[in-house]
*Asks:* 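Quick one: structure below, then a few questions.
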Amino acid sequence: MDLQILPVTTSKEKVKDENQLVFGKQYTDRMLIMEYDKGQGWHSARIQPYGPISLDPAAMVLHYSQEIFEGLKVFRRPDGSLSMFRPADNITRFNRSAERMCMPEVDETFFLDAMLELIRLEADWVPRSAGTSLYVRPTMIATEPMLGVRPADQYLCYVILSPVGPYYKGGIAPVKIWISDFYVRATEGGTGEAKTGGNYAASLYAAKEAAESGYDQVLWLDAKEKRFVEEVGSMNMLFLYDGKIVTSPLHGTVLDGITRRSVLTLVKEMGYEIEERALSVDEILEGAGNGRLQEAFGAGTAVVISPVGSFCYKNNCVQLGDGKPGKLTMELYNMLTAIQYGKQEDRHNWITLL
Ligand SMILES: Cc1ncc(COP(=O)(O)O)c(C=O)c1O
């Protein structure tokens, strides 16, 4: 398939103070888009001016939520050049989500190259200030106008770009986490490991309750016993417990996070033992009290690493250590961001230069 590049005649004004950029509010001048029809496959790939898309009110995505997406970032390096962190892994995960949601897979090489071409054309939109980046959102939706529950015959796949400010403005701050004892995010056999919109829609109600009670994030437990840690909002959870790194196994309900994967590689190299096992809420509460739970942090593209200051479960709140970010947590944050921004050697081949 050829990639057509259409002209862009006007350029939007960029936010002047990059520290004021709000996540997901502003988009660049261009987007990548391609179409799929059953029997024809993917076609009409083009980079065109960013703008609204037209959908039939009966488009299946609007009724049955056949939708998937990804999230990754472009970083500006000290010499002004651009890089991405493990972008091929995101495209592979996009295809895994597509398979789970009965959607057509994309040609990974073509799609990655087309995405990189879009980013090259929009290079000037990658912010320059410390901690900023350009967020990349690949998306696929079912567009066939048809009221009936079955996989659609027509799809649209597109990539949009959004400049984002630093996540931590006043320094890296620990979060207060609410452990949900009632609501669940994903069940065994469900769609938890797919990056599909419905999972996020289903999480809103609990997140709203948590926010109203003053918590930053919801930690989801397993749906069967409501005892074991799964993940948080848009992060995987990792714990330093008895000197070992403990994290939920990937058993279908948890997203296979690329940051999680990278953290596990780094801690292994640092000599830590890793336990991919079910960690119970009792272990968290007791471990915070007796010091066996030394550190806890979330890992995800948006935040990179987010230290946990306290956990609350059924009105019982426990603080971790002195409530400040742990030593290992900070070390991992610094290591990962240094690799991403090109300030540390990329020994793992994680960086794609543009
Ligand atoms: C539910 C969920 N878990 C974990 C993550 C972290 O994944 P990654 O590190 O690939 O961003 C995300 C973010 O994409 C997410 O949405």
Side-chain angles (χ1 to χ4, degrees), residues 23-24 65 67-75 84-98 100-101 112 115 133-140 159-160 162 164 167 175 177 179-180 183-187 190-207 210 216-223 228-239 245 247-267 276 296-308 329 332-333 335-337 339-340 348 350-352:
F23 189 93
S65 300
E67 187 266 2
I68 57 165
F69 66 98
E70 266 304 326
L72 59 164
K73 283 177 174 172
V74 184
F75 305 94
M84 296 190 80
F85 187 70
R86 311 185 73 167
D89 291 27
N90 286 86
I91 306 303
T92 302
R93 189 170 68 187
F94 192 58
N95 268 348
R96 281 215 310 276
S97 297
R100 178 65 182 84
M101 302 309 292
L112 179 59
M115 193 175 84
S133 58
L134 183 74
Y135 186 75
V136 182
R137 169 54 60 91
T139 309
M140 193 193 297
V159 180
I160 53 176
S162 173
V164 295
Y167 194 87
V175 289
I177 294 224
I179 305 177
S180 171
Y183 301 107
V184 292
R185 174 187 176 273
T187 54
T191 57
E193 71 180 339
K195 212 161 160 56
T196 182
N199 290 337
Y200 298 82
S203 74
L204 295 177
Y205 198 85
D216 299 307
Q217 297 269 356
V218 179
L219 186 151
W220 305 102
L221 298 177
D222 74 286
F228 299 109
V229 172
E230 300 236 305
E231 61 185 326
V232 167
S234 52
M235 302 186 287
N236 293 106
M237 276 302 301
L238 295 104
F239 302 82
I245 303 296
T247 190
S248 166
L250 303 173
H251 43 34
T253 54
V254 172
L255 193 81
D256 179 0
I258 289 151
T259 320
R260 171 192 185 275
R261 225 183 273 172
S262 312
V263 165
L264 292 182
T265 301
L266 293 177
V267 292
E276 287 188 63
F297 56 92
T301 296
V303 290
V304 187
I305 298 287
S306 173
V308 176
T329 304
L332 289 167
Y333 175 78
M335 281 168 87
L336 273 173
T337 50
I339 297 170
Q340 290 175 334
H348 306 90
W350 285 341
I351 295 299
T352 295

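Quick caveat: nothing in here was measured; it's all calculated off a predicted structure. When a ligand or atom number is given, it counts from 1 through the structure's own listing order.
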*Asks:* At less than 4.0 angstrom from any non-hydrogen atom of Arg185, what atoms of ligand 1 do you find?
*Replies:*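 Checking each atom against Arg185, I get 1 (C).
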*Asks:* Which option out of Phe85, Phe69, Tyr200 puts a heavy atom nearest to atom 16 (O) of ligand 1?
*Replies:* Tyr200
*Asks:* If you count the atoms of ligand 1 from 1 in the order shown, which ones are under 4.0 Å from a heavy atom of Lys195?
*Replies:* 13 (C), 14 (O), 15 (C), 16 (O)
*Asks:* For Tyr200, I'd like to know if atom OH has over 12 heavy atoms of other residues, nucleotides or ligands within 6.0 Å.
*Replies:* yes
*Asks:* Residue-level breakdown please: for Ala302 versus ligand 1, do any non-hydrogen atoms fall below 4.0 Å on the side chain, on the backbone, on both, or on neither?
*Replies:* neither
*Asks:* How far does CD of Gln340 sit from NZ of Lys73, to the nearest 0.5 angstrom?
*Replies:*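 These two atoms lie 7.0 Å from each other.
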*Asks:* Mind checking whether Asp256 has an N or O less than 3.5 Å away from an N or O of ligand 1?
*Replies:* no
*Asks:* Select the closest option to atom 11 (O) of ligand 1 among Thr301, Val304, Leu72, judged by heavy-atom distance.
*Replies:*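 The nearest heavy atom belongs to Thr301.
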*Asks:* Looking only at distances, can you tell me whether any N or O atom of Ile258, backbone or side chain, sits closer than 3.5 Å to an N or O atom of ligand 1?
*Replies:*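 Yes: some nitrogen or oxygen of Ile258 is under 3.5 Å from one in ligand 1.
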*Asks:* Could you tell me which atoms of ligand 1, counted from 1 in the order shown, lie closer than 4.0 angstrom to a heavy atom of Asn236?
*Replies:* 4 (C), 6 (C)
*Asks:* How does Arg93 reach ligand 1, if at all, at less than 4.0 Å between non-hydrogen atoms: by side chain, backbone, both, or neither?
*Replies:*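 Just the side chain.
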*Asks:* Near Glu231, which atoms of ligand 1 are under 4.0 Å from a heavy atom of that residue?
*Replies:*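 By the 4.0 Å cutoff, the relevant atoms are 1 (C), 2 (C), 3 (N), 4 (C).
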*Asks:* Answer yes or no: does an N/O atom from Ser234 fall short of 3.5 Å to an N/O atom of ligand 1?
*Replies:*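 There is no such contact.
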*Asks:* Mark yes when over 12 heavy atoms from residues, nucleotides or ligands other than Tyr167 sit less than 6.0 Å from its OH; otherwise mark no.
*Replies:*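 Open.
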